Amino acid sequence: MKNYDHRKIESKIQKEWEKKKIYQAKDPSTDSGQAKGKKFYSLIEFPYPSGDGLHVGHIRSNTAMDIISRKRRMEGYNVLYPIGWDAFGLPTENYAIKTGKKPAIVTKKNTDTFRKQLKELGFSFDWSREVNTTDPKYYKWTQWIFLQFFKKGLAYKAKSYINWCPKDKIGLANEEAINDICDRCGSKTEKREKEQWMLAITKYADRLDKDLDLVDYPERVKTQQRNWIGKSKGVIIKFDDIEIFTTRPETIFGATFIAVSGDKNKFTGKYVLNPATKEKIPVWQAEYVMKEVGTGAIMAVPAHDERDFEFAKKYNLPIKNVIEPVFIDEPRADLPFVHRNAIHAILKHWSEEKYLVLFWKKVNWVTFVTGGIEAEENPLQAAIREIQEETGYVNLKLKKELPRSHSKFYHIPKKENRFAHFSNFYFQLENGEQKELSEEEKENHELKWISPDEIEKTMKIGGSLRDWRVLQGKEEVYIGDGILTNSQEFSDMASNEAKEKIMEFVGGKIVTKFKLRDWIFSRQRYWGEPIPLVNCEKCGLVPVKDKDLPVKLPEVKSYKPTDTGESPLANISKWVNTKCPKCGGKAKRETDTMPNWAGSSWYYLRYTDPKNNKEFASMKNLKYWLGDACLPRSELCSATGVDWYNGGMEHTTLHLLYSRFWHKFLYDLKLVPTAEPYKKRTSHGMILGEGGVKMSKSVGNVVNPDDIVKIYGADTLRIYEMFMGPFEESVAWSTESIIGSRRFIEKVWRIYQKILASSNFSSLRPSSDYRGGTLGKLKIEKSSNFISLQKLLNKTIKKVSEDIENMRFNTAISSMMILATEMEKADSVSTEDFKKFLQILAPFAPHIAEHIWFSLGEKKSIHLSNWPEWDENLVKEQEIKIAVQINGKVRTEIMIQMDEKEEDVKKKALINQIVLRYTAGKNPQKIIYVKNRVINILI
RNA sequence: GCCCAGGUGGCGGAAUUGGUAGACGCGAUAGACUCAAAAUCUAUUGAUGGCAACAUCAUGAGAGUUCGAUUCUCUCCCUGGGCACCA
């Protein structure tokens, strides 16, 4: 028997693929007539070619999209699955600074390594479209796009802060200045003001938010993006000399919830009077200045930085990092927090109104309990509707999270139309007292009813029962929705409405604010795209002419940023001094470079037309690969863009947002045909080291994929990485477990050997008996004929087909393992059946599948064969086993016919021996039958 | 701190989205084959009690809804990702 030799097979097959170019996508422009029919564009985030070589995490993502791409090819699609390098950036530059080696040469070496490693894993990339962000032919277009931003006024200069190490005299990345400590020398860093290039992404904030409705991203990704954009409606209130933005203008006792907007730690240029000392107090902006303000509470508010402490010292204030809640009766000057200046402003204002007090009737925590809702209306809605009818309050909203407190509800008996206040432990008597429920009362849900009037009184007091207890005698905040009472002209208003009215009353203006800030787009670094602008003494900032692009990175002696904080390019006077493209006069080049995000914001566009030197990509190719032109926010748009984009969860905010922004900008210039770049986005979980810690060089737990490929083979590694856990979650690496995947591959090999050895391996002899296994929860009954193997095969084809679409690769492999085990046990397996198995295995283990496929006489690659179909009749079971529960506990099982009549199933269950033992002659009170699943007998 | 995920045997994980918790794999134990080993195959493998049939308890903790909860709701705890110059 020939042994499975992965080394021979894999390298032979890889050469074969390369020779026949079977993975090259066909373009409409260059292969006219060939690119007909369905197309599919699948994309992975192009890797950063670090010196460490390929990471096992890359393989996880690449294999997943490889499986999907291969399946699509077998389904007849013209598939584009491209690859490239995101190669500008800090790690290579730092390596260059350390070793003096040219970044371009380091990058070349690293990409060579990565390319070799990726090829050894058998990914079906179209290598003819490889791109590299550091290639002048590529970054020519990155620069060109930047100039379009500049020409449209979306790239501008503004002052901003950088991390500055005063000892090294160098600007630092955030990663190099964690906790304001310089990564290189350990000294304390400072913030230094610097003119920076900015991109006005905020101009697109609204569309970046809204258009998420058009794309197929997981909800969690959309939520993250939306949170990042941070669209929120709020109120700006102007006091004498301070402007306050509040996103949560919920009124509470005595005042409002206030937060001051803006960047952290910035002097606003404004002052307020200290009412005690009459001194002018500077107002610093902080992210959260006040949590709560009222007659009562000033809650924990952190001081933000040293200036706060300095300020506190100056005014002789207690210094604490976090302030405990302080309760006050009237405005005081000695509040233990520096940002109290804003509080003063408010209190001053409010004091004129003698602390306008806004009470809320609390009616939102309502659950219906007692009997008899006939309609399909859910209990919560019913309860709210009833309250609305009874009280006339129309603004009550159904909140999903209601009831907020599980132990306390208002019950509305349908007929009596009265309220009661109840919990599992306490209930409230008509006189307002609370009393603990007896066991019996809990059991029977016996309630005492109190009148709506009483309820109104209790409702003034906020919160849950626990709060109610705490708050007795004290008036404290309640921050839910409700109706205002005793609130002067705001009485009887719903809280939402009242918010707006109160804000108007205090001089506020309702605005929509975005958390999103404009994008700081320049870096004082060497290894990035030079910003293609020149500064002319006469004409000011002038873009480099298109024909002179790219502005190439010049050679430098040192890659280190200069000690003035400028990029190393500033040192090359020969390069810096140039002529103005407009007037020809003296001019200096811009020496800042672009951030790494630039090149990765549009690379998926270049893949569609990577060799084009007239434009970044032709509209013809773009339309073909992304979809045809569509109107903004139309139905059509939602079906366009890269068909499937998988990447890391660490990119769900920044990279995705940046590239969506660039894409929308290009769309507005009519340079791309779709409003959104990616139709569907998924993200893979990280691979952690053994034991669940992050893989890192310093821990020494980094796994080198080369070693695994050498020992076990690429097919085994691919299977293992897909089998190790749910694709979208983080999983710990386990070298010990790889053997299981290898055993599976070897099992496939043994079945193949058996088929070769069998004299008439194409015969359809019955397979032997096998024990029932389960395939997910699809039942496989014991059977002694060949039909059962047929059934299993069809079920497996179905399961694998569906699991791939849902990226549930682990369960797909699990089902193929079951099939392989049964095939090996069978006396004989028909070649036809085995080939079908090979076809569904092929996306996962492309080498061995291809090798055996050819050995069985096929001439065309398995990866271009037709994806097998399954026979729905064979997948369906006629006889199934269901669980029999007695009082909710599983006691036995019975066999029934698929879709058997309910009556018959009940009869069958009731005459079952074990059931009889439990029922002991008594008639069951109730029988619940869930079709084809479970029967529950209540006695 | 804010936003987003996740928490199930010794380990990685399944569970038809409210219906038999632990599929599949790793590891472990015993057996078959073998001179022996490897490989392979067979059996067992959540915990406790019991010779056994079986019973009870178990999906981070606590509660709620339900005939029935890993799944839905609430509170709390823990781990991971992001927070704008790592990519």
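Since the model is a prediction, treat every value here as computed from it, not as a measurement.
Summarising the local packing, CD of A:Glu872 is surrounded by more than 12 heavy atoms from other residues, nucleotides or ligands at distances under 6.0 Å.
Note on A:His651: a base of the nucleic acid sits closer than 4.0 angstrom, heavy atoms only. In this structure, A:Tyr48 reaches the sugar-phosphate backbone alone: every heavy-atom distance under 4.0 Å involves primed, P, OP1 or OP2 atoms, never a base. Residue contacts shown for A:Arg742 are absent, as no nucleic acid heavy atom lies under 4.0 Å away.
Across residues 929-937 of chain A, A:Val930, A:Arg933, A:Val934, A:Asn936 each have a non-hydrogen atom less than 4.0 Å from an atom of RNA chain B (numbered order).
Comparing atom distances between the A:Ser730 side chain and each of B:A21, B:G12, B:G80 picks out B:G80 as nearest. Closest to the A:Glu736 side chain, of the nucleotides B:A84, B:C26, B:U42, is B:C26. Nearest to the side chain of A:Arg808, among B:C85, B:C67, B:A15, sits B:A15. Considering only the side chain of A:Arg891, B:U56 comes nearest among B:U20, B:U56, B:A84.
Using atom P as the reference point in both B:A61 and B:G10, the two lie 14 Å apart (nearest Å). Separation of the C1' atoms belonging to B:U70 and B:G46 is 15 Å when rounded to the nearest angstrom.
Of the two residues near RNA chain B, A:Lys889 and A:Val221, the one whose nearest nucleotide lies more 5' is A:Val221. In this structure, A:Ser741 and A:Lys694 both approach RNA chain B, and ranking their closest nucleotides by distance from the 5' end singles out A:Ser741.
Residue side chain A:Glu729 does not reach the base of B:G80 through any donor-acceptor N/O pair under 3.5 Å, judged by distance alone.
Side-chain polar atoms of A:Thr735 and A:Glu690 form a donor-acceptor pair below 3.5 angstrom. Between the side chains of A:Thr189 and A:Asn163, no donor-acceptor pair of N or O atoms lies under 3.5 Å. A donor-acceptor contact closer than 3.5 angstrom is absent between the side chains of A:Glu728 and A:His684.
Ring geometry for A:Phe809 versus A:Phe844: interplanar angle over 60°, hence perpendicular rather than tilted (30 to 60°).
With ring centers used as reference points, A:Trp197 lies 6.0 Å or more from A:Phe521. A ring-centre distance under 6.0 Å is not found for A:Trp85 and A:Phe46.
Using the Watson-Crick or G-U wobble rule with both distances under 3.5 Å, B:G25 pairs with B:C11.
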